[in-house]
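My questions will all concern the structure given below.
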Amino acid sequence: MASNTAAMGNLPSGSGICTTIPDILYLPELIFGGLVWILVACTLVVPANPQGWVMFVSVFCFTMTFIWMCIFAFGVHRNSGGWAAADFAYHGVAAFFYLSASVALAKVTLDIKDGTLYNYRLDISAVVFSYVATLLYFIHTIFSAMRWKSF
């Protein structure tokens, strides 16, 4: 008699997070998020409010992604479907936050009138890395949703 139950999904732990999609994206998310954080911190903060939001998003997402990666690496999730849903939700929120921060940073960069070329180049680099981080979080969200649906 054939079974009609679907196979449960599997959340990796240990070194498995370095070999599975979407978990392999943790390191690039940390690298590009850290670059945004460093580059915005190095620039002259002329309109403080939008760049303050960018700093909040980059520091928050860097910290939470590192904690999230540690949770998966140490196997705290115990292969629970709730953790798969939380992974999807966190990365969806992070992608939305990074998109809003990227748009704000791009607008601030376009409006620079009296800045130095050095600060302008740092801001351009931060905008590019911010959009790359947004894309990485978005891709992670899609693959996390697919994994969550397999539970």
Side-chain angles (χ1 to χ4, degrees), residues 1-43 45 49-110 118-151:
M1 180 172 211
S3 173
N4 61 359
T5 58
M8 290 290 287
N10 190 17
L11 295 174
S13 61
S15 63
I17 67 168
C18 296
T19 59
T20 58
I21 297 277
D23 304 306
I24 199 167
L25 296 173
Y26 282 127
L27 290 178
E29 288 167 358
L30 287 172
I31 290 168
F32 285 102
L35 285 170
V36 172
W37 177 8
I38 292 167
L39 290 169
V40 172
C42 290
T43 62
V45 182
N49 194 18
Q51 287 193 337
W53 173 245
V54 175
M55 283 298 291
F56 168 77
V57 168
S58 61
V59 171
F60 173 78
C61 288
F62 184 88
T63 305
M64 287 303 297
T65 299
F66 181 75
I67 292 170
W68 207 249
M69 183 179 72
C70 289
I71 286 171
F72 273 72
F74 296 134
V76 175
H77 54 71
R78 300 192 193 278
N79 206 27
S80 169
W83 281 98
D87 186 45
F88 163 66
Y90 165 68
H91 283 92
V93 168
F96 177 74
F97 276 7
Y98 253 111
L99 180 61
S100 67
S102 298
V103 169
L105 185 59
K107 174 72 171 116
V108 166
T109 302
L110 287 173
Y118 176 75
N119 281 331
Y120 184 71
R121 287 181 179 168
L122 288 176
D123 281 337
I124 290 290
S125 299
V127 168
V128 170
F129 291 138
S130 183
Y131 277 110
V132 170
T134 303
L135 180 64
L136 288 169
Y137 278 105
F138 183 71
I139 292 169
H140 199 139
T141 302
I142 291 170
F143 283 113
S144 291
M146 292 180 348
R147 179 169 58 193
W148 173 47
K149 289 297 183 182
S150 72
F151 270 87

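Computation of the quantities below employed the complete heavy-atom set of this structure, encompassing side-chain atoms and omitting hydrogens, waters and symmetry-equivalent molecules.
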Set of residues satisfying side chain to side chain donor-acceptor pair (under 3.5 Å) with respect to Tyr98, sequence neighbours excluded: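 Once residues adjacent in sequence are excluded, Tyr98 has no partner under the side chain to side chain donor-acceptor pair (under 3.5 Å) criterion.
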Name of the residue among Phe129, Trp37, Tyr26 meeting ring-ring contact (aromatic ring centres under 6.0 Å, His included) with Phe32: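 Filter result, single survivor: Phe129.
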Ile24 to Pro28 - nearest heavy-atom pair and separation: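 For Ile24 versus Pro28, the nearest heavy atoms are O-CD, 3.3 Å.
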Asp87 and Arg147: CA distance, side-chain angles, deciding distance, side chain to side chain contact (heavy atoms under 4.5 Å, CB included) verdict: CA-CA 10 Å; Asp87 186 45; Arg147 179 169 58 193; 2.7 Å; yes
Candidates Tyr137, Trp83, Phe88 - the one meeting ring-ring contact (aromatic ring centres under 6.0 Å, His included) with Trp68: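 Between Trp68 and the candidates, ring-ring contact (aromatic ring centres under 6.0 Å, His included) is satisfied uniquely by Trp83.
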Interatomic distance, Cys61 atom SG to Leu136 atom CG [nearest 0.5 angstrom]: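 Separation between the atoms: 12.0 Å.
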Spacing of Tyr120 atom OH and Ser125 atom OG [to the nearest 0.5 Å]: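 Going from the OH atom of Tyr120 to the OG atom of Ser125 covers 11.0 Å.
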Counterpart residues, side-chain contact (heavy atoms from CB on, under 4.5 Å), relative to Phe66 (two or more places apart):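 So Phe66 forms a side-chain contact (heavy atoms from CB on, under 4.5 Å) with Leu30, Met69, Cys70.
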Approximate separation, where rounding is to 0.5 Å, of Ile142 CD1 and Ile21 CD1: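 CD1 of Ile21 is found 12.0 Å from CD1 of Ile142.
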Flag for Ser144-Tyr90: side-chain donor and acceptor within less than 3.5 Å: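 Looking only at side-chain atoms, Ser144 and Tyr90 do not form any donor-acceptor pair under 3.5 Å.
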Shortest non-hydrogen contact from Tyr131 toward Ala106: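 So the two residues come closest at OH-CB, 4.2 Å.
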Residues which pass side chain to side chain donor-acceptor pair (under 3.5 Å) with Thr63, listed by chain and number, not counting sequence neighbours: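 Applying side chain to side chain donor-acceptor pair (under 3.5 Å) to Thr63 gives none.
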